[in-house]
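The structure appears below as structure tokens.
The figures here come from the full heavy-atom set of this structure, side chains too, leaving out hydrogens, waters and symmetry mates.
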Number of protein chains: 2
Amino acid sequence: MAGQIKPRLRILLGADIAMGPGKADLLDAVARTGSISAAAREMDMSYRRAWLLVDTMNRAFRSPLVETAKGGAGGGGAEVTAFGQRVLARYRAMELKAAASVAAEMREFTRLLAERPG
Amino acid sequence: MAGQIKPRLRILLGADIAMGPGKADLLDAVARTGSISAAAREMDMSYRRAWLLVDTMNRAFRSPLVETAKGGAGGGGAEVTAFGQRVLARYRAMELKAAASVAAEMREFTRLLAERPG
DNA sequence: CGCCGTTATATCTAGCCATGCATAACGAAA
DNA sequence: TTTCGTTATGCATGGCTAGATATAACGGCG
């Protein structure tokens, strides 16, 4: 199956990777769930890791992508800022554009891979 | 300095990454030096690591990208096969094409990053 | 025939990173 | 005021990976 072979394209920004596929997915999950911990559970990663990723993003950009609140109803939560939404949207657009631009070559390339990964 | 911030684009093929920026560079070094160990030295990595990477590539593709010889003059050596050269050339082309397609957005993006990485 | 540098591979060790655990602060709601 | 789930952060253990080390085979060449 060539289905399992997933040619992936990663756009990495900044020295310690301000944005990448993983962080983009996390941002999505935070936006959807409204909290870092829920996003972490959903993505099956430790809260610590999720928080660290969010922190890296917040510090890497000019302005925070995620704003958090302690206490209150539900114990608090997190939301993706308008700026964060713009960043995410732009990143997704870049991903699509880049992927589309090399789609043909990508298919060609997978043809050169061995049948069985093992 | 925005110079240090290097937005990089990685094209990853296959489950355990049949080809990526690092492997492409290694392939280049092997072609240039004529041996895995010399390439490893040049890239400042352990011979083991270099050999492992080459082995992964060779097994991931339909046909080996690198052919090796034991013993003989100079103790042996390694050379990038014609197939390997084609794969490398295609990969580089893809890199360039993808990078060019999002160059404008990439610049735009770096403008959103914080001045200081720390 | 010994020398040499390389390929190829096994094994051991050290260091690092992630995970998990613990804890404190927080604030709305019951 | 107690409860609750979350943010935020420190700490320690463990697992995994990278590197170092060792060794054998190889074969042209002096």
Side-chain angles (χ1 to χ4, degrees), chain A residues 12 14-18 20-23 25-61 63-81 83-84 117-118, chain B residues 12 14-18 20-23 25-61 63-81 83-84 117-118:
Chain A
L12 310 177
D16 45 350
I17 309 179
K23 291 208 180 71
D25 288 348
L26 178 62
L27 219 52
D28 248 340
V30 168
R32 208 165 44 244
T33 63
S35 93
I36 294 177
S37 61
R41 282 193 298 272
E42 187 178 288
M43 297 189 64
D44 195 45
M45 68 170 68
S46 67
Y47 169 77
R48 180 182 174 76
R49 176 168 177 74
W51 184 87
L52 246 33
L53 292 173
V54 167
D55 186 55
T56 299
M57 283 190 272
N58 279 348
R59 281 184 297 99
F61 286 90
S63 148
L65 308 198
V66 172
E67 265 174 3
T68 61
K70 279 187 201 175
E79 63 173 5
V80 177
T81 64
F83 179 71
Chain B
L12 310 178
D16 46 351
I17 309 179
K23 291 208 180 70
D25 288 348
L26 178 61
L27 219 51
D28 248 339
V30 169
R32 209 165 44 243
T33 63
S35 93
I36 295 176
S37 60
R41 282 193 298 271
E42 187 178 287
M43 297 189 65
D44 196 43
M45 67 171 67
S46 67
Y47 170 78
R48 177 185 172 75
R49 177 167 178 74
W51 184 87
L52 246 33
L53 291 172
V54 167
D55 187 56
T56 299
M57 283 190 273
N58 279 348
R59 281 185 296 98
F61 286 90
S63 147
L65 307 198
V66 173
E67 266 173 2
T68 62
K70 281 188 199 174
E79 62 173 6
V80 177
T81 64
F83 180 71

So, the side chain of B:S35 versus the backbone of B:A78: is there a donor-acceptor pair under 3.5 Å, distance only?
no
Taking atom [atom1] of [X] and atom [atom2] of [Y], what is their separation to the nearest 0.5 Å?
X: A:N58; Y: A:L53; atom1: CG; atom2: CG; value: 11.0 Å
X: A:D25; Y: A:K23; atom1: CG; atom2: NZ; value: 11.5 Å
X: A:I36; Y: A:D55; atom1: CD1; atom2: CG; value: 9.0 Å

Using whole Å, what does the distance between atom [atom2] of nucleotide [N] and atom [atom1] of [X] come to?
X: B:L53; N: C:dA8; atom1: CG; atom2: C1'; result: 15 Å
X: B:R59; N: C:dA8; atom1: CZ; atom2: C1'; result: 13 Å
X: A:L52; N: C:dA18; atom1: CG; atom2: P; result: 8 Å
X: B:I36; N: C:dT9; atom1: CD1; atom2: C1'; result: 13 Å
X: A:E67; N: D:dA8; atom1: CD; atom2: P; result: 11 Å
X: A:Y47; N: C:dT23; atom1: OH; atom2: P; result: 17 Å
X: B:M45; N: D:dT17; atom1: CE; atom2: P; result: 17 Å
X: A:D55; N: D:dG10; atom1: CG; atom2: P; result: 11 Å

Contact class for B:R48 vs. all strands (heavy atom < 4.0 Å): base, sugar-phosphate, or nothing?
base
* Indicate, with a heavy-atom threshold strictly under 4.0 Å, whether B:G72 touches base, sugar-phosphate, or nothing. => base
Taking only N and O in the side chain of [X], is any of them less than 4.0 Å away from OP1 or OP2 of [N]?
X: B:T68; N: C:dA8; value: yes
X: B:R49; N: C:dA8; value: no
X: A:S37; N: D:dT7; value: yes
X: B:W51; N: C:dA8; value: yes

From the list A:L27, A:V54, A:V30, side-chain contact (heavy atoms from CB on, under 4.5 Å) partner of A:L65 resolves to A:L27
Per nearest nucleotide of DNA chain D, the residue lying toward the 5' end, A:G75 or A:K70, is A:G75
